[in-house]
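Encoded as structure tokens, the structure appears first; notes follow it.
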Amino acid sequence: RPSSGAASPRTASVAARTAASSSPCLRDAVVVLLPGVLLTSGALGRASRLRGALGAREVDPEVGEAAIRGCASVPEAADEIVRGLLGRHGPGARAVLVGHSYGGYAAFEVARRWPERVAGLVLVSTQCR
């Protein structure tokens, strides 16, 4: 059977656990789900498995979904993501941002403007612009 080139879920899980064991910043991070415009965080439901694989503190789908739904621009969404992260998880909070499509643009914007708040990026069907 030809390979699609994509890692299997088991391989990805092993790679994530290896990264988590060697990177203490991931163990204290919050996984923030950033759905595309026409989706909800439920579409990224399997991404919640990253919490265990990375050893992250928790998964917070509400911060990202509220920012994507309630903001008119990527910079505004990035502001809201950081405001929500700090408000819900404290002043030292860092996030693994899981962005799909438009949510990926917002994740890039957060990483560009607040790199100290980003423990990692997981991008799905998005572009670097």
Side-chain angles (χ1 to χ4, degrees):
R1 190 167 97 186
S3 171
S4 66
S8 72
R10 185 180 188 304
T11 303
S13 177
V14 169
R17 280 195 305 271
T18 302
S21 67
S22 62
S23 181
C25 68
L26 296 177
R27 286 192 290 271
D28 295 327
V30 176
V31 177
V32 174
L33 306 178
L34 303 167
V37 173
L38 298 177
L39 299 175
T40 65
S41 292
L44 298 174
R46 288 190 176 168
S48 65
R49 294 179 183 169
L50 285 172
R51 180 190 154 311
L54 296 173
R57 186 168 60 189
E58 66 182 282
V59 175
D60 188 337
E62 295 172 19
V63 167
E65 191 166 336
I68 298 300
R69 299 282 166 264
C71 297
S73 68
V74 170
E76 189 180 330
D79 289 338
E80 189 59 32
I81 291 163
V82 173
R83 190 174 11 261
L85 177 68
L86 299 179
R88 290 173 61 96
H89 302 286
R94 292 172 46 91
V96 175
L97 301 171
V98 180
H100 170 262
S101 188
Y102 183 81
Y105 296 149
F108 274 127
E109 185 70 5
V110 171
R112 184 182 72 78
R113 292 171 55 196
W114 296 280
E116 72 280 3
R117 297 286 167 218
V118 179
L121 289 172
V122 178
L123 304 170
V124 181
S125 296
T126 196
Q127 299 177 21
C128 297
R129 289 191 189 195

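Count residues from 1 along the sequence. Every heavy atom of this structure was used, including side-chain atoms; hydrogens, water molecules and symmetry mates were not.
- Between the CZ atom in Arg94 and the CD atom in Glu116 there is a gap of 8.5 Å [rounded to 0.5 Å].
- Evaluation of the side-chain contact (heavy atoms from CB on, under 4.5 Å) rule for Ser101 yields no partner, not counting sequence neighbours.
- Taking Arg88 as the reference, Asp60, Glu62, Val63 meet the side-chain contact (heavy atoms from CB on, under 4.5 Å) condition, with sequence neighbours excluded.
- Taking every heavy atom of both residues into account, Val96 and Ala119 meet most closely at CG2-CB, 4.2 Å.
- With sequence neighbours excluded, the residues satisfying salt bridge (charged side-chain N to carboxylate O under 4.0 Å, His left out) with Glu80 are Arg83.
- Scanning both residues, Ala78 and Glu109, for their nearest heavy atoms gives CB-CG, 3.5 Å.
- Test Ile81, Leu85, Leu86, Val82 against Trp114 for side-chain contact (heavy atoms from CB on, under 4.5 Å) and you get one pass: Val82.
- Summarising the geometry of Val32 relative to Ala95, their closest heavy-atom pair is CG2-CB, 3.8 Å, with the distance given to 0.1 Å.
- Counting all heavy atoms, side chain and backbone alike, Val118 lies closest to Ala111 at CG2-CA, 3.7 Å.
- A donor-acceptor pair under 3.5 Å links the side-chain atoms of Tyr102 to the main chain of Val74, judged by distance alone.
- Looking at residues two or more places apart in sequence or on another chain, you find a side-chain contact (heavy atoms from CB on, under 4.5 Å) between Ala107 and Leu34, Leu97, Leu121, Leu123.
- Shown here are the side-chain contact (heavy atoms from CB on, under 4.5 Å) partners of Ser73, two or more places apart in sequence or in another chain: Pro75, Glu76.
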